[in-house]
Every structure is written in structure tokens, then in C-alpha cells.
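Hydrogens, waters and symmetry mates are skipped; everything else that's a heavy atom, side chains included, is used.
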Amino acid sequence: MNSLADYSDRRQIIVFSTPASESGKLVQRSVDTLRCQLMERDTDVRFVDITELPDGRARTTDVQGVPAELARLRSDQQMEFEVVLIGKDGGVKARTSDPEALKDFLTLIDSMPMRRAEMRSREGMGADCK
């Protein structure tokens, strides 16, 4: 997978932080807690260690299995922590420096037309994840 178009079947939440970041650790705990809700929304969470990005930004090569196109979505500001939501269309839907925003991202995803259509098509189906 080398382009945003390759992610059309999944939403992506990209977490840019350092390994020692308390904000990153808080997001990881939230991901663990909200695992089922993320799965239900076809959403993957990827953590990118910003210390491994050249000049704090990704250029042309993949970093930690994250295609360069996704890593380049990091804000131009030199922030130590950022979370970016990418829709199935490959567009940036939201970005924040708030490590507690994961639930807000889930709410935003649920308001998206594609997600609403998914929910309608899955009505009556049992939940796969508990």
C-alpha cells in the first residue's frame, strides 16, 4: 500500500508522537479500551514515532510500515503530538493535539454519510465484538 487510495476500505487514525510521550500512551490506552468500537467502524490506528521522521516529517519512504503519504499528513507545525483522522476517501477529516479525542473521532465517524450507510446495511446483524 503506497497511496491514500489504497486505504479506501478502511479509515485510519494516525498518531504522531514520541515513544515516551504521555499523550501517546494515553491514546494507546484509549485504543485498547475502544478496540471493538474501532473495529466496528473499519478503523485502524497507527502510531508513528516522530523521532524517526527526517526533519520531523516523512518525505518519500515508508516509516514503520506507514506509507509516506500518510506520514506526510502531519501538520506543518512542529508539534510533539498530533492525531489525524483519514476517511475512506483518503481525505483528512480531523486533526487534534488532544490525546483524549479518540471518542470524539468515533462520534465524527458515525456522522459521516458513508458510516451511516454502513450502519443501515448492518442493521439486524449481531455484534462481532464485545
Side-chain angles (χ1 to χ4, degrees):
M1 291 189 194
N2 291 322
S3 78
L4 295 177
D6 291 333
Y7 285 98
S8 61
D9 65 329
R10 306 285 298 171
R11 293 173 188 91
Q12 301 291 313
I13 295 175
I14 311 298
V15 181
F16 296 98
S17 68
T18 63
S21 165
E22 287 303 316
S23 295
K25 291 175 186 176
L26 179 60
V27 173
Q28 182 60 61
R29 287 190 299 273
S30 294
V31 167
D32 293 343
T33 300
L34 299 170
R35 180 184 58 83
C36 286
Q37 292 180 41
L38 290 162
M39 286 175 41
E40 289 170 1
R41 290 163 178 81
D42 298 328
T43 303
D44 296 324
V45 180
R46 296 171 179 257
F47 289 81
V48 176
D49 178 354
I50 61 174
T51 63
E52 294 188 13
L53 301 178
D55 300 324
R57 310 257 318 145
R59 299 287 184 226
T60 58
T61 59
D62 291 0
V63 177
Q64 301 170 320
V66 177
E69 280 190 69
L70 288 177
R72 276 195 300 269
L73 294 172
R74 184 168 176 245
S75 174
D76 287 336
Q77 300 171 352
Q78 291 298 322
M79 297 168 49
E80 292 186 18
F81 175 81
E82 184 176 34
V83 183
V84 180
L85 171 62
I86 312 299
K88 287 187 175 184
D89 64 358
V92 174
K93 303 304 180 189
R95 66 175 68 239
T96 185
S97 59
D98 179 1
E100 297 183 11
L102 199 55
K103 284 185 180 180
D104 294 336
F105 276 16
L106 295 176
T107 300
L108 176 61
I109 289 169
D110 286 346
S111 72
M112 295 176 180
M114 189 177 290
R115 172 65 180 148
R116 294 177 132 187
E118 291 167 0
M119 289 188 294
R120 282 192 301 274
S121 71
R122 292 178 183 169
E123 281 182 7
M125 297 179 148
D128 294 335
C129 189
K130 301 219 183 242

Problem set entry | Pairwise side-chain contact, Thr107 with Phe105, heavy-atom cut-off 4.5 Å (strictly under) | no
Problem set entry | Electrostatic pair Asp44-Arg11, nearest N-O below 4.0 angstrom | no
Exercise. How long is the span from the NZ atom in Lys25 to the OG atom in Ser30, to the nearest 0.5 Å?
Worked result: 14.5 Å
Exercise. Is any side-chain heavy atom of Ile13 closer than 4.5 Å to a side-chain heavy atom of Val83?
Worked result: yes
For this session: Identify whether Leu38 and Leu108 are in the same connected component of the hydrophobic contact network (ILVMFWY, side-chain heavy atoms under 4.5 Å).
Result: yes
Exercise. Does any non-hydrogen side-chain atom of Thr18 lie less than 4.5 Å from one of Phe81?
Worked result: no
For this session: Under the salt bridge (Lys or Arg N to Asp or Glu O under 4.0 Å) rule, what do Asp110 and Arg41 come out as? Steps first, then yes or no, please.
Result: CA-CA 8 Å; Asp110 286 346; Arg41 290 163 178 81; 2.8 Å; yes
Exercise. With a 4.5 Å heavy-atom cut-off, do Val48 and Ile14 have their side chains touching?
Worked result: yes
Problem set entry | Derivation and outcome, side chain to side chain contact (heavy atoms under 4.5 Å, CB included), residues Val45 and Val15 | CA-CA 7 Å; Val45 180; Val15 181; 4.0 Å; yes
Exercise. How many angstroms lie between atom NZ of Lys88 and atom CD of Gln12, to the nearest 0.5 angstrom?
Worked result: 11.0 Å
Exercise. At what distance, to the nearest 0.5 angstrom, does CZ of Phe16 lie from CZ of Arg95?
Worked result: 8.0 Å
Seminar exercise, completed: Between Ser23 and Pro99 the two heavy atoms that sit nearest each other are O-CB, 3.6 Å
Exercise. Could you state the interatomic distance from CD1 (Ile109) to CD (Glu40), rounded to the nearest 0.5 Å?
Worked result: 11.5 Å
For this session: Can you measure from OG1 (Thr43) to CD1 (Ile86) and round to the nearest 0.5 angstrom?
Result: 11.5 Å
Exercise. Do Leu102 and Leu34 come close enough that some side-chain heavy atom pair is under 4.5 Å?
Worked result: yes
Problem set entry | Side-chain heavy-atom pair Leu26, Glu100 within 4.5 angstrom cut-off | yes
For this session: Calculate, to the nearest 0.5 Å, the distance between atoms OG and CD belonging to Ser17 and Glu80 respectively.
Result: 10.0 Å
